[in-house]
Structure formats: C-alpha cells, structure tokens
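Positions are given from 1 along the sequence. Given the structure is predicted, the values throughout are model-derived calculations rather than measurements. Side chains are part of it too, since the values below use all heavy atoms of this structure and drop only hydrogens, waters and symmetry mates.
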Amino acid sequence: MSAKQPNILFIMSDDHAAQAISSYNKELVDTPHIDRIADEGMRFDNVYCTNSLCAPSRASILTGNYSHENGVRGLSEHFDGRQQTFPKLLQESGYETAIVGKWHLGHGGNSDPTGFDYWNVFPDQGDYHNPLMMEMGEEKQVEGYATDRITDLSIDWLNNRNNEKPFMMMVHHKAPHRPWEPPEKYKTLFEDKKFKVPATFNDNYGDRANAAKIADMRIEDLKEEDVKGVPPAGLSKQEMKEWKFQRYIKDYLRCVVSIDDNVGRLLDYLDENQLAEDTIVIYTSDQGFFLGEHGWYDKRFMYEESLKMPFVMRYPHEIKPGSVSTDMIINNDFAPTFLDYCGVQAMEKMQGESFRAIAKGKTPDNWRDAVYYRYWEHLTIHNVTAHYGVRTDRYKLIYYYGDPLDVIGAVPRPMEPEWELFDIEKDPLELKNEYNNPAYTEVVDELKEKLAQLREQYNETV
C-alpha cells in the first residue's frame with residue numbers, strides 16, 4: 001500500500017478530559033499507550049469541540065459541519081444519515097469502513113450508521129457490563145466489559161477485512177462516560193491514594209455570569225449511584241464534597257486506565273500485523289470534561305476543561321515523532337483532514353479545514369486565529385444556559401443569550417442575557433469576568449466583531 005492511501009484507525013472515547021492523559025498532564029494518571037501515539041507522532045494542544053455534548057460532537061466529526069448544519073444541536077435530535085459524511089466518501093473511494101462501540105446518534109429510520117461496511121454499536125449510551133449491541137441492525141447481548149469487548153470486536157473485524165483494500169476503522173468507547181463503572185480488575189485501583197483537588201475546586205462563581213452560579217453539575221450534586229456508596233455520617237458540607245470527589249475521580253480514572261490498556265492492544269495488533277507504518281492512528285475524545293475544576297463534573301460550558309479535546313495522531317510517513325502543535329483546530333476539521341490523507345476530495349459544504357499541513361509541521365498562512373462555539377440546549381440537563389462565543393489565542397468572549405429562540409428539548413425559560421470575557425493569558429483558570437472592565441472595552445468590541453464575522457461565515461443566523 002502506498003503512503004498516499006493510508007489506513008485509518010480512529011479511536012475515540014467519551015468525556016475523556018485532556019488533563020486525564022499523561023501526555024498532557026503528568027499529575028493525575030499514567031496513560032502510556034495513548035502517550036505512545038503522541039511520542040511517535042504529534043500531540044495537539046489546542047483542539048476544540050464546537051458544541052460540548054456527545055451527539056452533536058459526533059455529528060460534527062462525521063460531517064465536518066456545525067450543529068445547525070448537520071441537524072444535531074442537542075441530545076434529543078437524531079442524525080439524518082442521508083447527508084454526506086467522511087465514511088461515505090471513503091467507502092465510495094474504495095475504503096473498507098467499520099464502526100464499533102458508541103454511536104449515540106439515534107436508531108431506525110435514517111439514523112442508523114451509514115457509510116460503513118460493518119457496524120456494531122450500542123443502542124443509545126450503552127452499558128459498561130454485558131452491553132446490548134446492534135450488529136448491522138440486529139440486537140445481540142455481548143458478554144464482558146464494554147471497553148474490552150469493543151476492542152475484541154474491532155480486532156475481529158480487522159482480522160476478517162478485505163486485505164486488498166485500505167481500511168477506516170472507528171473504535172468508539174463508551175468510557176469514561178457517567179456512571180464511571182470500571183472493570184472488575186481495576187475496582188480497587190487507587191484505593192489508598194488521595195487525589196489532590198483542582199485549584200478551582202471551591203470556586204464560588206463570585207465574578208462570573210449567573211449561568212455559572214445556577215448550573216447543577218457540582219460535585220455536591222453527584223448521586224449515590226454515581227459515587228457507588230452512601231457517604232459516612234457526620235461529614236461537613238466541605239468534607240462531603242471532598243469525599244464525593246475522591247469516589248468520582250477514582251472510578252473515572254479506573255475507566256481511563258482500562259481504555260489505555262485497550263489502546264495498547266490495538267497498537268500491538270498493528271505492529272504484529274505489519275500495519276503500523278501505513279496506518280494513521282488517532283486518539284481523541286468527543287469533548288473535554290470537568291474533573292472537579294470549578295467544582296464541577298460534566299461538560300457543556302465553553303470553559304477550557306469542557307471546550308478542549310485531547311488529540312494525538314501518529315503517521316510515520318508524514319508526522320515527526322514527539323512533535324507538538326499549538327494551532328487552533330476544531331472537531332469540524334477531522335473529516336476534511338481524514339479525506340485529505342486518503343486522497344479523497346472533501347465536500348465544498350464542509351465547514352472544517354484539513355490540518356494535514358499542520359501535522360507535517362507547517363501552519364498554512366491563512367489558518368484560523370479564532371474558534372467559534374455554540375451550546376444549543378437551554379436549561380435542560382444540569383441547568384446549563386444556552387450560549388455561544390469566540391476564543392482567540394488570548395481571549396474568550398461568551399454570550400449567554402438568555403432568550404432561547406430555538407429551544408432544544410425544553411420549555412422556553414428566558415433569562416437576562418449575559419456576557420463573559422476572560423483574559424486567558426492573565427487568568428488561565430477563567431475566574432475573573434473582565435467584560436465590564438473599562439480597560440477591555442476595545443478588546444470586547446474587536447471580539448464582538450469577530451464573533452459576528454464567524455457566525456456569518458458559518459451561516460448561523462438564529
């Protein structure tokens with residue numbers, strides 16, 4: 001196989017925060033196999049989701065388009081598989097394609113996976129243990145732990161594929177999504193360890209928009225089923241919060257360790273079958289996640305921990321080992337990038353751009369200097385306010401627009417519009433809203449102009 005027709009092994013987890021990968025952060029957990037992809041390829045430090053929610057992110061990754069274009073703005077909207085996707089384009093160009101694991105874009109009608117020679121996915125979120133799966137539309141119970149079984153099934157497909165064709169294999173894990181159920185072998189991992197709470201763990205949201213104050217995704221909000229136990233009697237409010245955090249973070253990281261093990265299995269498979277040289281390997285997550293930062297779990301907000309996606313990629317033919325990119329990339333860019341590597345023309349409608357040149361170490365002259373983000377759901381799960389915003393290399397401007405003109409999955413509950421401005425260079429933890437600070441008046445005006453420009457560029461009118 002020539003270097004112009006690489007295989008693609010696209011591994012994606014769900015809610016895996018960059019800070020829970022040791023290539024990004026050495027202090028929390030060791031992930032040697034994910035790190036290996038970065039060490040033998042490139043670590044991307046500024047990759048952002050355009051809508052920090054499972055289904056919308058997946059739809060953007062498939063289509064290269066923002067939520068309002070692909071039709072999946074929130075969890076209640078199913079994907080219309082009649083639209084063009086990168087797997088379809090690869091399949092039409094001679095690739096053998098498969099997806100195993102999490103789909104989460106609806107089933108039946110036009111919502112089952114399309115563009116795949118083989119698909120075997122969970123209905124909805126899927127279960128961690130003995131999950132029900134839909135293999136080419138047929139429901140089957142699968143024995144075992146989901147992360148292990150997804151890898152088993154993926155390797156089975158790789159063993160039985162057509163060796164005359166290049167392949168594009170999507171290995172999409174449920175973990176480490178809530179309810180954070182680890183495999184039996186890791187149930188006591190970290191049992192005697194006490195994890196340090198994040199610097200913003202006791203954030204009081206005092207200098208922030210009301211949206212931060214009313215969100216109900218605080219560590220205190222975790223339920224007994226989340227932390228797998230009843231808190232000890234007599235704890236103070238702060239002690240209760242810290243107890244829940246330790247229970248939460250340990251199970252979350254146990255799930256991460258299991259993912260890393262299985263990434264190692266896939267890398268070993270490529271080595272053992274002489275496929276490593278001609279295969280692009282990607283590891284990413286559908287969005288970021290709060291691991292106690294700002295006192296939160298979950299995602300949705302445009303704050304860094306939720307907005308930023310981990311992304312590491314290896315391709316021996318083009319990517320220099322141990323390289324790092326700080327260019328701004330969005331999940332809409334994944335589809336055109338994969339197509340570019342495979343020599344397949346991307347659709348003109350795709351709103352993302354190929355970052356193949358960046359992976360080679362050369363930033364295109366006209367590469368983006370700002371990222372546009374929008375979270376469409378309004379006061380649904382976790383009571384997060386609908387908002388959109390722009391992030392540049394230094395600043396972030398967020399608009400909680402208050403009046404949900406186009407409500408996703410909720411009864412309209414108008415709120416007073418609010419703005420937040422963060423100077424990320426001076427305030428990387430995003431604790432101080434500078435929107436009403438006269439010293440930033442010019443910055444606000446420039447960012448509002450940029451925001452309007454991006455909304456027009458991406459054809460977002462609502």
*Verify salt bridge (charged side-chain N to carboxylate O under 4.0 Å, His left out) between Asp298 and Arg300, making sure each step is shown before the conclusion.*
CA-CA 7 Å; Asp298 209 69; Arg300 301 168 192 267; 2.8 Å; yes
*Give the C-alpha distance, both sets of side-chain angles, the deciding distance and a yes or no for salt bridge (charged side-chain N to carboxylate O under 4.0 Å, His left out) between Lys196 and Glu27.*
CA-CA 9 Å; Lys196 183 180 177 182; Glu27 297 181 4; 5.6 Å; no
*Do Gln83 and Glu69 have side-chain atoms, one donor and one acceptor, less than 3.5 Å apart?*
no
*Check: Tyr283 ring centroid to His16 ring centroid under 6.0 Å*: yes
_Qualifying salt bridge (Lys or Arg N to Asp or Glu O under 4.0 Å) pairs, either residue in residues 319-336, two or more places apart_ = Asp333-Arg368
*asked:* List the residues meeting ring-ring contact (aromatic ring centres under 6.0 Å, His included) with His177, not counting sequence neighbours, and say none if there are none.
replied: none
_Verdict with supporting geometry, Arg178 and Asp226, side-chain contact (heavy atoms from CB on, under 4.5 Å)_ = CA-CA 7 Å; Arg178 192 181 187 186; Asp226 293 319; 2.6 Å; yes
*Assess the pair Tyr315 and Tyr341: is the distance between their ring centroids shorter than 6.0 Å?*
yes
Kindly list each side-chain donor-acceptor pair under 3.5 angstrom involving residues 107-114, sequence neighbours excluded, with atom names and distances?
| from | atom 1 | to | atom 2 | distance (Å) |
| --- | --- | --- | --- | --- |
| His107 | ND1 | Asp112 | OD1 | 2.8 |
| His107 | NE2 | Phe122 | O | 3.3 |
| Ser111 | OG | Phe79 | O | 2.8 |
| Asp112 | OD1 | Gly108 | N | 3.3 |
| Thr114 | OG1 | Gly81 | O | 3.1 |

*Just checking, any donor-acceptor pair under 3.5 angstrom between side chains of Thr85 and Thr63?*
no
_Any Ile319 side-chain heavy atom under 4.5 Å of Met313 side chain_ = yes
_Closer than 3.5 angstrom, by distance alone: can the side chain of His294 be matched with the main-chain N or O of Asn204 as a donor-acceptor pair?_
no
*Scan for salt bridge (Lys or Arg N to Asp or Glu O under 4.0 Å) pairs involving residues 50-67, sequence neighbours excluded, and state none if there are none.*
Asp14-Arg58, Arg58-Asp286
*Could you tell me which non-hydrogen atom of Lys102 sits nearest to which non-hydrogen atom of His173, and how far apart they are?*
CB-O, 4.1 Å
*Is NZ or CZ of Lys165 both nearer than 6.0 Å to the six-membered ring centre of Tyr95 and within 45° of the ring axis?*
no
_Out of the candidates Val47, Val371, Asn46, only one should pair with Ile330 under the side-chain contact (heavy atoms from CB on, under 4.5 Å) rule; please name it._
Val371
*Check whether any side-chain heavy atom of Met309 lies under 4.5 Å from a side-chain heavy atom of Asn331, and answer yes or no.*
yes
*Of all residues at least two apart in sequence or in a different chain, which pass the salt bridge (Lys or Arg N to Asp or Glu O under 4.0 Å) check with Glu184?*
Lys187
*Measure up the Phe334 and Phe338 rings against each other and bin them: parallel (under 30°), tilted (30 to 60°), perpendicular (over 60°).*
tilted
*Step by step, would you call Asp117 with Arg161 a salt bridge (charged side-chain N to carboxylate O under 4.0 Å, His left out)?*
CA-CA 10 Å; Asp117 295 291; Arg161 67 187 175 85; over 6 Å; no
*For Asn65 and Lys349, what are the C-alpha separation, side-chain angles and deciding distance, and is it a side-chain contact (heavy atoms from CB on, under 4.5 Å)?*
CA-CA 8 Å; Asn65 289 323; Lys349 187 182 177 185; 4.2 Å; yes
Run the side-chain donor-acceptor check on residues 239-246: report pairs under 3.5 Å with partners two or more places apart or on a different chain.
| from | atom 1 | to | atom 2 | distance (Å) |
| --- | --- | --- | --- | --- |
| Glu239 | OE1 | Ser236 | N | 2.8 |
| Glu239 | OE1 | Ser236 | OG | 3.3 |
| Lys241 | NZ | Phe201 | O | 2.7 |
| Lys241 | NZ | Asn202 | OD1 | 3.3 |
| Glu242 | OE2 | Gln238 | NE2 | 3.0 |
| Lys244 | NZ | Glu220 | O | 3.0 |
| Lys244 | NZ | Leu222 | O | 2.6 |
| Gln246 | OE1 | Phe195 | N | 3.0 |
| Gln246 | NE2 | Phe195 | O | 2.6 |

_Between Glu304 and Lys396, does the salt bridge (charged side-chain N to carboxylate O under 4.0 Å, His left out) criterion hold? Intermediate values first, please._
CA-CA 10 Å; Glu304 287 295 281; Lys396 184 183 294 180; 2.7 Å; yes
*For residues 131-145, which residue pairs qualify under side-chain hydrogen bond (donor to acceptor under 3.5 Å, both in side chains), counting only residues two or more places apart or in two chains?*
Tyr118-Glu135, Glu135-Lys140
*Non-neighbouring partners of Ala335 that pass side chain to side chain contact (heavy atoms under 4.5 Å, CB included), sequence neighbours left out*: Phe86, Met350
*Determine whether the aromatic ring centres of Phe311 and Phe355 lie less than 6.0 Å apart.*
yes
*asked:* According to salt bridge (Lys or Arg N to Asp or Glu O under 4.0 Å), does anything in residues 44-57 pair up with another residue at least two apart or in another chain? List the pairs.
replied: Arg43-Asp45
*Strictly under 6.0 Å, is that where the ring centroids of Tyr373 and His387 end up?*
yes
*What do you reckon, are the aromatic ring centroids of Tyr303 and Trp296 less than 6.0 Å apart?*
yes
*For His172, enumerate each residue passing the ring-ring contact (aromatic ring centres under 6.0 Å, His included) test, keeping only those at least two apart in sequence or located in another chain.*
Phe10
*Set of residues satisfying ring-ring contact (aromatic ring centres under 6.0 Å, His included) with respect to His382, sequence neighbours excluded*: Tyr297
*What is the distance from atom OG of Ser60 to atom CG of Asn51, rounded to the nearest 0.5 Å?*
7.0 Å
*Is the closest side-chain heavy-atom distance between Ser154 and Met169 below 4.5 Å?*
yes
With a 3.5 Å cut-off and sequence neighbours excluded, list the donor-acceptor pairs that the side chains of residues 247-266 form with protein atoms.
| from | atom 1 | to | atom 2 | distance (Å) |
| --- | --- | --- | --- | --- |
| Arg247 | NE | Val227 | O | 2.9 |
| Arg247 | NH2 | Val227 | O | 3.1 |
| Arg247 | NH2 | Lys228 | O | 2.6 |
| Tyr248 | OH | Phe290 | O | 2.9 |
| Lys250 | NZ | Phe190 | O | 3.3 |
| Lys250 | NZ | Glu191 | O | 3.4 |
| Lys250 | NZ | Lys193 | O | 2.7 |
| Asp251 | OD1 | Arg254 | NH1 | 2.8 |
| Asp251 | OD2 | Lys228 | NZ | 3.0 |
| Tyr252 | OH | Asp15 | O | 2.5 |
| Tyr252 | OH | Ala17 | N | 2.9 |
| Arg254 | NE | Tyr186 | O | 3.4 |
| Arg254 | NE | Leu189 | O | 2.6 |
| Arg254 | NH2 | Leu189 | O | 2.8 |
| Asp260 | OD1 | His33 | N | 3.1 |
| Asp260 | OD1 | Ile34 | N | 2.8 |
| Asp260 | OD2 | His33 | N | 3.2 |
| Asp261 | OD2 | Tyr186 | OH | 2.5 |
| Asn262 | OD1 | Thr151 | OG1 | 3.1 |
| Asn262 | OD1 | Arg265 | NH1 | 2.9 |
| Asn262 | ND2 | Asp148 | OD1 | 2.9 |
| Asn262 | ND2 | Ser258 | O | 2.9 |
| Arg265 | NH1 | Asp152 | OD1 | 3.1 |
| Arg265 | NH2 | Asp152 | OD1 | 2.6 |

*Would you check if Thr50 and Arg374 make a side-chain contact, meaning some heavy-atom pair closer than 4.5 Å?*
no
